[in-house]
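Structure record follows, encoded as structure tokens.
Fair warning: this is a prediction, and the values are worked out from it, not measured in the lab.
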Amino acid sequence: MAQVELDVFQSRERSNWVRLRTLVWLRWFAIAGQIVAVLVARYVYHLTLEVGLITVVIGLPILVNVVSMFLYPETRRLSEGEADLMIGFDLLQLGALLYLAGGLSNPFALLILAPVTVASTILPLRSTLVLGGVTLAIITLLRFDSLPILTADGAPLTLPELFVFGFWVALIIGVVFVGVYARQVTQETLSMGEALAATQMALAREQKLTDLGGVVAAAAHELGTPLATIKLVSRELMDELDGNADLQEDARLINEQADRCRDILRSMGRAGKEDQLLRQAPLETVVREASEPHMDRGKTVSITLSPPEGTEARQPHILRRSEIIHGLRNLVQNAVDFAASEVRVEITWTEETITVRINDDGPGFPASVIGRIGDPFVRRRWSDGSSKRRPGYEGMGLGLFIAKTLLERSGAVLTFLNGSEKQQSGLRSGAIVTVEWPRASIEGSLDATGALGDNTLIT
């Protein structure tokens, strides 16, 4: 993944996430609920409330909503500061309303969790902590001071002190738990969404390279005939201009340049056919193509075939799918990044499965994260406390996530583990990644002679 792609997906800024219209409509629902609650308490249960002050407190958000709808378009997205003010206003309005209506003796005090939940999902950590602190301060104030609700006979409607204390503790715990929980879920959803988008971009880039190779091969094929004509005419001119040395030299130069263009196009056409237009290829060829960009990075990358005894000796021909090539390439890159000196890629197959095992002689996967390998943005921590990152990647794990996602899309099952001193592959330690496909999911068809089937493009 190019760094420019990461710049798009690794921006963790949460401003401009929410539209003004969304918060306005949520506020309208809250206002409607507050009005209904006051009317029911006053005219159904005949409770005595500070109706005048309560009307003012409920009227303020109505005024703010009306002004917002007239001054700003519905599609306006709020900046971080604007969202802070909107949610902070709602929090203070609800706190004032609860102060006028019994404090923590009012069962609707539970709704004070709503602004914290919204803030945890759309605001940065700093703003969330500030609003969470304000919420805790309001809850604590309501615990010790509020205007009571009076029954029809004038008695204050209050809960026993033990219940009020328990409700206060429950709200404190609820603010912290709901805030942390909502934020964590949102963070994981965001990370997964960004990583999946990065995966799609990587696959699209690989597909564009494939399409470009096809265009190159087609151009080389189509330009062959005009160049042959130019070469033929230039030879005839050389024969006819036997007595004119200057013009004959020009004709000879045209002939030589035509030969040069033919050689260039022949090379381009061969590359296009071998690298791009071939839809099926031997298993080793596909694995070698995926590994080739990382074979000259100062580490030894060896590819071996080891079919089990009793299986056919001829290696299977598989589909050259972009997901397979790009996924294997990322796995080899990760192995080369952390290998001490050697990476071994072992290819094997049975009648039912095809397996590629990638083993490096590096420090292996840390035990603390081996169960989470394949999640996006997982960093590798070493025993000395340092954090190694793959070159060009902001967060360790995005490349493995892309590889895992693409290969699983092709039908593969991946396993990640650490080697031991006695493993059969010959390397004493390091990380081992095993990719296993059912043969039916990636194997290309062959005709009776062993040649590629009709669905293979060869030009």
Side-chain angles (χ1 to χ4, degrees), residues 13-39 41 49-104 106-147 168 171-172 174-183 186:
E13 199 61 43
R14 289 174 171 237
S15 59
N16 300 324
W17 269 29
V18 65
R19 292 184 303 173
L20 173 65
R21 181 182 180 183
T22 301
L23 292 185
V24 167
W25 276 106
L26 288 174
R27 186 178 290 155
W28 280 126
F29 284 121
I31 292 170
Q34 292 168 4
I35 293 174
V36 170
V38 171
L39 292 177
L49 302 170
E50 295 290 342
V51 177
L53 293 176
I54 289 176
T55 302
V56 173
V57 172
I58 296 178
L60 285 176
I62 296 177
L63 179 61
V64 171
N65 269 7
V66 172
V67 171
S68 300
M69 293 175 66
F70 276 100
L71 290 183
Y72 302 104
E74 292 184 349
T75 56
R76 176 182 172 85
R77 293 191 176 274
L78 300 176
S79 66
E80 177 184 338
E82 292 170 339
D84 287 346
L85 291 176
M86 292 281 287
I87 297 176
F89 173 80
D90 292 336
L91 187 59
L92 294 175
Q93 189 265 348
L94 181 57
L97 192 60
L98 290 173
Y99 177 82
L100 298 172
L104 296 189
N106 190 325
F108 290 103
L110 181 66
L111 295 177
I112 205 166
L113 296 176
V116 177
T117 304
V118 174
S120 299
T121 57
I122 67 173
L123 294 178
L125 180 60
R126 176 187 56 190
S127 299
T128 302
L129 292 176
V130 171
L131 291 175
V134 173
T135 304
L136 296 178
I138 292 175
I139 293 173
T140 303
L141 175 64
L142 295 176
R143 159 73 176 87
F144 295 102
D145 188 20
S146 62
L147 299 181
W168 173 69
L171 286 177
I172 295 292
V175 167
V176 175
F177 176 78
V178 171
V180 172
Y181 180 82
R183 185 170 186 84
T186 304

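Taking each heavy atom of V24 and S68 in turn, the nearest pair found is CG2-CB, 4.4 Å. Between G174 and L113, the closest heavy-atom pair is C-CD2, 3.7 Å. Scanning all heavy atoms of the two residues, the minimum distance from G103 to A109 falls at O-CB, 4.1 Å. Across G132 and V175, no two heavy atoms sit closer than the pair O-CG1, 4.4 Å. Taking both residues in full, the closest heavy atoms of A119 and L131 are given as CB-CD1, 3.7 Å, listed atom of the first, atom of the second, then distance.
Counting heavy atoms from C-beta outward, L125 and R183 have side chains that approach closer than 4.5 Å. Considering only heavy atoms from C-beta on, Q34 stays 4.5 Å or farther from I54 through its side chain. In this structure, E82 and R76 have side chains that are in contact, with non-hydrogen atoms separated by less than 4.5 Å. You'll find the side chain of V64 reaches within 4.5 Å of the side chain of R27, heavy atoms only.
Counted within 6.0 Å of CZ on F89, heavy atoms from surrounding residues, nucleotides or ligands total more than 12; the atom is thus considered enclosed.
Listed by chain and residue number, nothing satisfies the salt bridge (charged side-chain N to carboxylate O under 4.0 Å, His left out) test with D84 (two or more places apart in sequence, or in another chain). Contacts of Y181 classified as ring-ring contact (aromatic ring centres under 6.0 Å, His included), with partners at least two apart in sequence or in another chain: F177.
F144 contributes atom CZ, which lies 9.5 Å from atom CG of L104 (distance to the nearest 0.5 angstrom). For the atom pair L142 CG and N106 CG, the distance stands at 9.5 Å (nearest 0.5 Å). For the atom pair CG (L92) and CD1 (I87), the distance works out to 12.0 Å, reported to the nearest 0.5 Å. Distance check, rounded to the nearest 0.5 Å: CG of D90 to CD1 of I31 gives 8.5 Å. Residue N65 holds its CG atom at 9.5 Å from CH2 of W25, rounded to the nearest 0.5 Å. Distance check: S146 OG to L98 CG gives 9.0 Å after rounding to the nearest 0.5 Å.
Exactly one residue among V57, I138, T135, L111 makes a side-chain contact (heavy atoms from CB on, under 4.5 Å) with L94. That residue is L111. T55 pairs in a side-chain contact (heavy atoms from CB on, under 4.5 Å) with only one of the listed residues (L53, V51, I58), which is V51.
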